[in-house]
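Before I ask anything, here is the structure I am working with.
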Protein chains: 2
Amino acid sequence: MGRRSEHKQRDPDLGILSARLLFSVQKELFETLAEQGHPRLRPRHGAVLGHLDEEGTRATELSRLSGTHKQVIGNLIDELEELGYVERRPDPQDRRAKLIVPTAQGRDQMAKADEIMAAIERRHAEAMGEQRLAVFKGLFREIAERQLAWRGA
Amino acid sequence: MGRRSEHKQRDPDLGILSARLLFSVQKELFETLAEQGHPRLRPRHGAVLGHLDEEGTRATELSRLSGTHKQVIGNLIDELEELGYVERRPDPQDRRAKLIVPTAQGRDQMAKADEIMAAIERRHAEAMGEQRLAVFKGLFREIAERQLAWRGA
DNA sequence: TCCCCTCGTCACGGTCCTTGACTGTCACCT
DNA sequence: AGGTGACAGTCAAGGACCGTGACGAGGGGA
């Protein structure tokens, strides 16, 4: 193994580390969800279900929160509606808009997903100490925010 | 804004934070590369260029390092060859294999990409203190490794 | 020699994202 | 009241991207 790839192995940059953590967390989340009765969901559905409120959320709001195109959100809602996770209801405050509301199955998924993510963090807290994890998350938020602010993006 | 999405805004989980950091770092890297004379490269090319050694690397090795399928690596190499970033050379030690070797343009890109990533980390180090960044990266490596080890994946 | 493994490639289907244009509704201004 | 621009959601089409199966060529041990 050459010098450059060897160095990258020892001291991976922020991008590599983020990618590794993101994909491994994603994998655990959706495999566990599949075992708990939600086998048809894929990571992309997280753009909708991950940002949904129990009282309902507008499609445009979901698009804004997740950074996904409106069109994609529309497709995801179609799929989730067919799978029985959400319903489209007219928004009483704006006749153009529709509220995306989770069904009972949707609320079950949301609760389970939140619990799985919490369990992942608890596992790390036990392994490394609660305080060190808290420090990490604080620094993580700070860095992610500053990086997002690059060029006022 | 409802209670759940509000809470997720204040205390985003590890997946959300990883996604934000990954995509914003990726964006800065490739936009800056485009300004520095490499406008045709897209993030997916990182699977090849990011793990390449100056002396050359086998396609299978790139596949293993990046976690991408062999087939995808082959397509990427086709593109990068056409763009003048890499060359295919027969591997003297194994007539089945081919060494992927960066051209002068490829080595220029690799140096610039490494420098851009280093600049990103320097910027954070200046903003938050060198020591706190070092602590963060240490914890990051630890957590990412432990998460990857879930279920012996 | 025979058998099984690895390396890279071809071909294919399926998933996914992006763009542009369109209808209906709203908010604002004159 | 009417007119104008902005916004919500959808339809349609194209391209980018990924995963699978199968293959020829070569390697390496029994």
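Residue numbers start from 1 in every chain, and the chains themselves are labelled A, B, ... in the order their sequence lines are given, proteins ahead of strands. No hydrogens, no waters, no symmetry mates; every other heavy atom, side chains included, goes into these values.
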Can you measure A:Leu65 atom CG to D:dA8 atom P for me and round it to whole angstrom units?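 From A:Leu65 CG to D:dA8 P: 13 Å.
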
Distance check needed: D:dC7 P versus A:Glu61 CD, whole Å only. 14 Å

Just to confirm, is there a sub-4.0 Å distance from OP1 or OP2 of D:dG9 to any side-chain nitrogen or oxygen of A:Thr60?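 Checking D:dG9 against A:Thr60, a side-chain N or O does come within under 4.0 Å of OP1 or OP2.
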
In whole angstrom, what separates B:Arg88's CZ from C:dC7's P? 16 Å

Could you tell me if the side chain of A:Gln105 sits less than 4.5 Å from the side chain of A:Leu83, heavy atoms only? no

Measure from NZ on A:Lys98 to C1' on C:dT25 and round the result to the nearest Å. 12 Å

Kindly state whether the ring of B:His38 and the ring of B:Tyr85 have centres lying under 6.0 angstrom apart.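 Distance test on ring centres: under 6.0 Å, yes.
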
Rounding to a whole Å, what distance do you find between A:Gln93:CD and D:dG9:C1'? 18 Å

Flag yes if more than 12 heavy atoms outside B:Arg40 fall under 6.0 Å of its CZ atom; otherwise flag no. no

How about CD on A:Glu130, more than 12 heavy atoms from neighbouring residues, nucleotides or ligands closer than 6.0 Å, or not? no

Check the distance between D:dA8's C1' and A:Ile100's CD1 and give it to me in whole angstrom.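 Computing the A:Ile100:CD1 to D:dA8:C1' distance gives 11 Å.
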
Walk me through it: do B:Arg4 and A:Glu55 pass the test salt bridge (charged side-chain N to carboxylate O under 4.0 Å, His left out)? CA-CA 10 Å; B:Arg4 183 172 181 252; A:Glu55 318 90 52; over 6 Å; no

In terms of ring plane angle, is the pair A:Phe136 and B:Phe136 parallel, tilted or perpendicular, where the classes change at 30° and 60°?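 A:Phe136 vs B:Phe136 ring planes: parallel.
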
What verdict does the salt bridge (charged side-chain N to carboxylate O under 4.0 Å, His left out) test give for A:Arg141 and A:Glu145, after you've listed the backbone C-alpha separation in whole Å, the side-chain angles of each residue and the deciding distance to 0.1 Å? CA-CA 6 Å; A:Arg141 266 197 301 276; A:Glu145 242 170 68; over 6 Å; no

Whole angstrom value for the distance that separates C1' of C:dT9 from CD of B:Glu81: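 Atom-to-atom, B:Glu81 to C:dT9, this comes out as 13 Å.
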
Is B:Asp94 touching bases, backbone alone, or none of the nucleic acid, heavy atoms closer than 4.0 Å? sugar-phosphate

Overall bend of the helix from C:dT1-D:dA30 to C:dT30-D:dA1 (five pairs an end, 10° steps) is 20°

Phosphate-side-chain proximity, B:Arg95 and C:dT6, N/O vs OP1/OP2 below 4.0 Å: no

Distance-only polar pair, side chains of A:Arg20 and B:Gln147, donor-acceptor under 3.5 Å: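 No pair is found: no donor N or O on one side chain lies under 3.5 Å from an acceptor on the other.
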
Just the rounded figure in Å: distance from P of D:dA8 to CD1 of A:Ile77. 13 Å

Quick one: what's the B/S/- string for nucleotides 15-25 of chain D, heavy-atom cutoff under 4.0 Å, read 5' to 3'? -SSSBB----B

Using a 4.5 Å cut-off on heavy atoms from C-beta on, say whether the side chain of A:Thr68 contacts that of A:Leu62. no

